[in-house]
There are 2 protein chains.
Amino acid sequence: MGRRSGILEFAVLGLLRESPMHGYELRKRLNTSLGVFRAFSYGSLYPCLKTLVQRGWLAEEPGEASEESLAALAGRRAKIVYRLTAEGKEHFEELLAQTGPDTWEDEHFGVRFAFFGQTSRDVRMRVLEGRRSRLEERLARMRASLARTGERLDDYTLELQRHGMESVEREVRWLNELIESERVGRDQHRGDTPPDPSDDTTK
Amino acid sequence: MGRRSGILEFAVLGLLRESPMHGYELRKRLNTSLGVFRAFSYGSLYPCLKTLVQRGWLAEEPGEASEESLAALAGRRAKIVYRLTAEGKEHFEELLAQTGPDTWEDEHFGVRFAFFGQTSRDVRMRVLEGRRSRLEERLARMRASLARTGERLDDYTLELQRHGMESVEREVRWLNELIESERVGRDQHRGDTPPDPSDDTTK
DNA sequence: GTTTTCATGTAACCCGTTACATGATTCA
DNA sequence: TGAATCATGTAACGGGTTACATGAAAAC
């Protein structure tokens, strides 16, 4: 009953911050904008929306059906448009400011990155660097275990391991570039191409 | 109660086919040999082992504790070594032969690949090609959605999408190489380097 | 002799999916 | 007017984790 998701909740708040939407549309945007990473179903989305409303972070608005008068009749079910409340916005901003360890875990990182446009630069930096060191740890462990057991593994397992390591190395290089360009953005000046200075007057 | 996992079950059977082991060791091998992909906990492993025993696919053996005589005393708990039974082996071989659509889903593919050493060549081919066309579909969808919504996305979301697509493209290239080398292995002759002709006398 | 690592297990929970049920709107 | 798509929702399940509890063996 008490759906307190995490990543889905975060994504919903983030998308609704940009503009109000109804569930169906929300789901499509979740599964495209958010990338390849996750594909949520209605079975998780609608209950999530409900609890977010209960907590006062979202407000339901009767969607514009066709003609106003018709929609109001006898329990007529129409599109429900959700919008972020003031408390919801505040809460989302708190979430955006978080830089805890789980922030750079596989599942979370993608969503966090997707909302970097609304994230302050120093938080972006911490998340990117956290992710990078996370991956570097992983690489170290993989190399170690490969050195230990490397000889007695069959060709396919070895190939799988090799490809896995290359993937991780590639993501590290990607992060390096991102971190570098964030740094340049800070050192040089403002207004280069860095995606809007973020309207963080909240804090 | 009725843990009928799928990927964990498959991996356990596969590892135990190579040699008997106890749970603790099994878990380590799951989290290294099987690659970066998944990290199982005891909370899922032990219940899984239990149900596999119940179905007659695994047999428990009292592990060699220290001195034989001591181990037999009053309900003494010692290492439990699991080995694959004949039925278990047969069942695993059936699983290995499967080429259904979920075979090439993200989660399954890694484990399937890890046991390619024990998989017949034509099944390997079907799995690799299935995976590839799965990824190509995904690429097509990504490109389409990028073309539609591409302009009105912020820089970070776009970058995320771009990086995601590159990852998928990279895996496709990897699959191409693998498929090619499988094909060469078949066309040329036997005993090139193709990792053992597989002892499939079962069928 | 105490801390670490090895080793086995369980109960509660988490975050999601599947399959289903319902109805409105658009399009051919 | 019937099919496809849009739109909302729920109950049952699924496959795993976390946190906990226990105890033996090895290392210091």
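Considering CZ of A:Arg143 and CD of A:Glu136, their distance stands at 9.0 Å, rounded to 0.5 Å.
For the pair A:Lys28 NZ and D:dT8 P, the computed distance is 11 Å after rounding to whole Å. Look at CD on B:Glu107: it is 19 Å from P on C:dC15, rounded to the nearest Å. Atom-to-atom, CZ of A:Arg27 to P of D:dG9 comes out at 15 Å; the value is rounded to the nearest Å. Rounding to whole angstrom units, CD1 of residue B:Ile80 and P of D:dG23 are separated by 16 Å. Per the geometry, CG belonging to A:Leu26 stands 13 Å off C1' belonging to D:dT8, to the nearest Å. Here the C1' atom of nucleotide D:dA7 and the CG atom of A:Leu49 are 12 Å apart, to the nearest Å. The interatomic distance linking A:Phe40 (CZ) with D:dA7 (P) rounds to 20 Å, in whole Å. We find that NE2 of A:His22 is positioned 20 Å from P of C:dG23, with the value rounded to whole Å.
Distances shown here put every side-chain N or O of A:Tyr42 at or beyond 4.0 Å from the OP1 or OP2 atom of D:dG9. Between A:Ser44 and the phosphate of C:dC15, there is no side-chain N or O to OP1/OP2 separation shorter than 4.0 Å.
For A:Lys50, taking side-chain heavy atoms from C-beta onward, the closest of the listed nucleotides C:dG16, C:dA7, D:dG9 is D:dG9. Residue B:Ile7 places its side chain closer to D:dG16 than to any other of D:dT8, D:dG16, C:dG16. Checking C:dT18, C:dG16, D:dG9 against every side-chain atom of A:Ser41, the shortest atom distance belongs to C:dT18. Of the candidate nucleotides D:dT10, C:dT8, D:dG16, D:dT10 has the atom nearest to the side chain of A:Tyr46. For B:Tyr24, the side-chain atoms get nearest to C:dC6 when compared with the rest of C:dG16, C:dG9, C:dC6.
Both the sub-6.0 Å distance and the 45° axial angle are not jointly satisfied by A:Arg17 relative to the ring of A:Phe92.
Residue contacts shown for B:Phe10 are absent, as no nucleic acid heavy atom lies under 4.0 Å away.
For A:Arg27 (side chain) and A:Phe40 (main-chain N/O), a donor-acceptor pair under 3.5 Å exists by modelled atom type.
In this structure B:Arg83 satisfies the side-chain contact (heavy atoms from CB on, under 4.5 Å) test together with B:Pro20, B:Ala59, B:Glu61, B:Thr85, sequence neighbours excluded. Every residue was checked against the side-chain hydrogen bond (donor to acceptor under 3.5 Å, both in side chains) condition with B:Trp57, not counting sequence neighbours, and none meets it.
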